[in-house]
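Dumping the structure here so I can ask a few things about it.
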Amino acid sequence: TDQRATKHIQPAKKQARAASSGSSSEEENTLDDLAPGFDNETPECQRSYPLDHFNKKLVDMLEVLEHRRELTGDHGNALAYRRAMSALKAYPRDIRSVAEARKIKAIGPKIAKLEYLSTGKIKEVESTQTDEFTKVMDTLTNIYGVGPVTATHWYKDLGYRTLEDVRKHEDLTEMQQIGLKYYDDLRQIVAIEEAKAVAAVVEKEARSIKPGALFTLVGGFRRGKQWGHDVDVVLSHEEDRDVTGFLDQLIHNLCEKGDQLGKCAYSQDSVLTAQRTVRSTNTPGFIKDILVSKTPSPDTDDEDYKGTQDASEVQQCLCVVKAPGKSTHRRMDIIIAPREQYATTVLGWSGSRQYERSLRAYARQFCHMKLADHGLFHAKSRKQVPTASEQDVFEALGLRYIKPELRNM
Ligand code: DCT
Ligand code: MG
């Protein structure tokens, strides 16, 4: 049973009132009566988003619609759905009527009027799930390195429908080629136990290079998810600001070491010195393939800061690995940051994506600050606010700390 449910239970009187008067109670009652503690004016990034919430079925359906709007390029409506889903994830009880839904600011009239609240279903969701375009787009965007834009072009202009069509495509990027090579494996979800085993290999290797290395398993697993699509880890150490040497060494070692020990099949030069390139290496070690050998973290690759001393030093390596004793290939993102950029990098890679957006938007709009993976800055002066921990970041923004388990927005 959902333990949280008991925490948010309404005072007995109010509950009795709600039950006895049926749906009209949602009409008569204020939001505070219905959902004590839920305030429309609370900034999105100050709400709690536990993994288990009260409106899962509805949120799952809205997610289908949101995804569909993104695929068809209807970004405005996609955003409206995301806003509504965020509010629903934080809402402390299940929504029971259109009247109740309308009291929530983030839920517009169109969404509130969806037939779900009377029938428990949404017709468009059902038709979308069997729709050819959606199915093909899912197949195509499941290839690592293929986003909605490429997939739409392939579908509409080139008429691609299957993976076989894609395999014949002449200009596949190296990333897409690796995506195809491991297609079946990379679609399979990763259990937290395996993610931890994968992370442990990297942590151990990192500590053998830099004994004081800092290490955090980030992404969904840090938010308490038991399953994920990849393994994301962030590393740091106290010594140099330039972390590329550490990353080079780490990648090199991980390409060589694994459960099938053998000679390293790649030339160190080609993999490690090339910036922003994708290389397929087929190494015998723990890392099987490298998608991106070494590149600035995309989110921090910010024009505003290029060439300044506040530029991002965060580097990432995207690779395909195999956990010790396992047969399925997994995607792993190894992110490495200098110590003074570590807290914001951990925060930025802990997600959820939507939570990160809300935090960054808050910093921009209400604090005139810029929050990026590589640090928190005053927007005008670009002066960096020192942050040694995630708590420091929230504090500098004047916010209540939200722990990772409550960032499942
Ligand atoms: N992230 C980001 N910007 C990027 C890449 C990642 O803000 N360009 C953040 C958001 C979540 C986190 O890093 C990890 O990314 P994912 O692995 O895609 O998300 P996840 O929450 O770990 O989801 P999953 O469980 O599917 O791996
Ligand atoms: Mg992840």
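Both counts, for ligands and for their atoms, begin at 1 and track the order of listing. A quick note: this is a predicted structure, and the numbers were derived from the prediction, not measured. In this chain, numbering begins with 1 at the start of the sequence shown. Worth knowing before you read on, the calculation uses all heavy atoms, side chains too, and leaves out hydrogens, waters and symmetry mates.
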Among Trp349, Trp227, Tyr355, the residue with a heavy atom nearest to atom 13 (O) of ligand 1 is Trp349
Give a yes or no answer on whether the side chain of Asn408 reaches the backbone of Arg223 with a donor-acceptor pair at less than 3.5 Å.
yes
Evaluate Ser352 for polar contact with ligand 1, using N/O atom pairs at a separation under 3.5 Å.
no
Distance-only N or O hit between ligand 1 and Glu356, under 3.5 Å
no
Heavy atoms only: which of Gly348, Ser350, Gly219 is nearest to atom 7 (O) of ligand 1?
Gly348
May I ask you to decide whether Glu63 forms a salt bridge with Lys56, counting only side-chain N to carboxylate O separations under 4.0 Å?
no
Under 2.8 Å from the Mg ion (ligand 2), which protein N, O or S atoms do you find? Ignore water molecules.
Asp230 OD1, Asp232 OD2
Subset of ligand 1 atoms that lie under 4.0 Å from at least one heavy atom of Arg223:
21 (O)
Show which atoms of ligand 1 fall inside a sub-4.0 Å distance from at least one heavy-atom site of Arg353.
3 (N), 4 (C), 5 (C), 6 (C), 10 (C), 15 (O), 16 (P), 18 (O)
Run the contact test for Arg357 against ligand 1 with a 4.0 Å cut-off on heavy atoms, strictly below, and give the result.
no
Atoms in ligand 1 flagged as close to Gly220, the criterion being non-hydrogen separation under 4.0 Å:
20 (P), 21 (O), 22 (O)
Whether the Asp184 and Gln188 side chains hold a donor-acceptor pair (N or O, under 3.5 Å, no angle test) is what I'd like checked.
no
Using 4.0 Å as the upper bound for N to carboxylate O, is an ion pair formed by Glu115 and Lys121?
no
Mind checking what makes side-chain hydrogen bond (donor to acceptor under 3.5 Å, both in side chains) contact with Asp74, not counting sequence neighbours?
Asn77
Who are the side-chain hydrogen bond (donor to acceptor under 3.5 Å, both in side chains) partners of Lys105, not counting sequence neighbours?
Glu41
Distance col, row Glu313:CD vs Thr345:OG1, nearest 0.5 angstrom, shows 11.0 Å
Assess whether a salt bridge exists between Glu132 and Arg161, defined as any Lys/Arg side-chain N lying under 4.0 Å from an Asp/Glu carboxylate O.
yes
Does the side chain of Tyr342 come under 3.5 Å of the side chain of Glu238 through a donor N or O and an acceptor N or O?
no
Which of the listed options, Asp230, Asp333, Val234, holds the heavy atom that is closest to atom 17 (O) of ligand 1?
Asp230
What residues, two or more places apart in sequence or in another chain, satisfy side-chain hydrogen bond (donor to acceptor under 3.5 Å, both in side chains) together with Thr42?
none
